[in-house]
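Numbers here are sequence positions counted from 1. Note that the structure is a prediction, hence the values are computed from the model and not measured.
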Amino acid sequence: MTTTITPPETRGPAAAPVSNSLTAGKLPNGASWMVLGGSVLVSAGLFGVIAFSGAEFNWVGTFVVAALVYVVTITLLSRIVEGSRRATDRFVTALVTGAFLLAMIPLISLSITVVTFGLNRFDAEFFSYSMRNVTGEGGGALHAIVGTVLMTGTAALISIPIGLMTSIYLVEYGRGRLARGITFLVDVMTGIPSIVAGLFAYALFAIFWGPGTRTGIAGAVALAVLMIPVVVRSSEEMLRLVPVELREAAYALGVPKWLTIVKVVLPTSIAGITTGIMLAIARVIGETAPLLIAAGFTNSMNYDMTEGRMQSLPVFVYTQYANQGNPPEAYLDRAWAAALTLILIVMVLNLVARLVARFFAPKYGR
């Protein structure tokens with residue numbers, strides 16, 4: 001066998017290395033943080049120079065300008081070193097992160113403000129006394145807390161069975177025009193203003209008990225009108241996530257449809273349904289307008305849902321702020337403490353929803 005060796009001078013030029021846009025270059029680790037720090041320093045220096053002229057140092061402007069400088073700088077550096085693809089990725093990442101931080105600013109500010117002012121009256125008296133015969137300092141929100149629990153609990157008892165049964169019908173039985181009509185009505189109810197629900201409840205009970213009647217049960221009905229579409233939508237989505245194979249396996253064993261729903265479909269989706277119900281309760285527990293119309297407000301304790309006006313925490317906050325007496329600081333302190341109490345109740349409901357979703361999920365079942 002003869003082997004032919006090509007002389008070096010007759011060989012062609014060496015092939016140019018193929019560049020890969022994904023690995024051609026990379027900014028060093030921590031480059032984003034260094035650019036961010038430099039942007040903050042540049043922005044702070046700029047506004048510091050302006051402050052020397054007699055103006056007050058602008059912290060908001062400092063962070064806004066720093067964010068803009070960071071986005072422009074990191075995008076240009078990445079385009080030069082890493083290429084256009086990585087630069088676009090860094091640009092979008094910076095925008096998404098900035099949007100997240102922008103959304104967190106009012107939330108953090110609100111939480112700090114409510115906690116700071118609410119702790120002034122977050123004491124035992126606030127949770128054990130009502131406002132009956134109290135015109136200045138002292139008093140509490142026990143009547144409002146009781147009213148909130150009673151009206152929200154009654155609204156849950158009304159709306160949860162109706163909403164759950166409606167979602168079961170839409171997923172398991174609903175076909176044709178009736179199902180489409182129910183879906184359309186649920187969508188419309190989701191978007192109605194809350195004050196319309198209050199007017200509906202007030203008009204409904206005015207037919208039986210006369211005009212001007214305001215009771216706790218009317219407030220509960222108003223809240224139930226707002227809760228039902230939320231429960232229907234959340235439960236419907238959870239029921240649709242149950243695999244069809246589970247239903248078919250039950251049918252193959254001769255299990256009737258209603259028993260399949262009770263024993264297979266509902267246990268499989270119970271975690272998501274419970275989470276949706278808790279979120280629906282948290283959504284209506286802070287409503288003010290419908291309760292002002294349907295339940296009114298009072299300074300006394302009222303445990304009877306069908307007789308007399310009933311106070312709630314959102315309405316308590318509104319009345320304490322709108323009808324300030326002497327000294328006004330006492331009324332404002334009670335309003336902030338009630339707002340903090342309401343936030344804590346909503347937080348507890350969300351934590352309960354998360355715990356239910358964790359422990360009752362199908363993967364933890366037997």
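Between Met305 and Met151, the closest side-chain pair of non-hydrogen atoms falls below 4.5 Å. A heavy-atom distance below 4.5 Å is not found between the side chains of Phe316 and Leu342. Two residues are said to be in side-chain contact when any heavy atoms from C-beta on lie closer than 4.5 Å; Val35 and Leu27 fail this criterion. Ser269 is not listed as a side-chain neighbour of Leu241, based on a closest heavy-atom distance of 4.5 Å or more. Residues Thr190 and Val230 form no side-chain contact, since every pair of their non-hydrogen atoms from C-beta on lies 4.5 Å or further apart. Put simply, the side chain of Val255 does not reach to within 4.5 Å of the side chain of Lys263, judged on heavy atoms. Using a 4.5 Å heavy-atom threshold, the side chains of Tyr321 and Leu332 count as touching. Residues Glu287 and Ser312 are not in side-chain contact: their nearest non-hydrogen atoms beyond the backbone lie 4.5 Å or more apart.
Ion pairing of Arg233 with Glu236 is present here, as a side-chain N (NZ or NE/NH1/NH2) and a carboxylate O approach within less than 4.0 Å.
Hydrophobic clustering (ILVMFWY, side-chain heavy atoms < 4.5 Å, transitive): Trp59 and Val64 are in distinct clusters.
In this structure, the side chain to side chain contact (heavy atoms under 4.5 Å, CB included) partners of Ala289, at least two apart in sequence or on a different chain, are Ser194, Ile195. In this structure, Arg214 has no side-chain hydrogen bond (donor to acceptor under 3.5 Å, both in side chains) partners at least two apart in sequence or on a different chain.
Members clustered with Leu107: Phe100, Leu101, Met104, Ile108, Ile112, by chain and number, using a 4.5 Å side-chain heavy-atom cutoff among hydrophobic residues.
In this structure, Phe117 and Trp336 have parallel ring planes: the angle between them is below the 30° cut-off, well short of the 60° mark.
Within a 6.0 Å sphere centred on OH of Tyr331, other residues, nucleotides and ligands contribute more than 12 heavy atoms. Summarising the local packing, CD of Glu307 is surrounded by 12 or fewer heavy atoms from other residues, nucleotides or ligands at distances under 6.0 Å.
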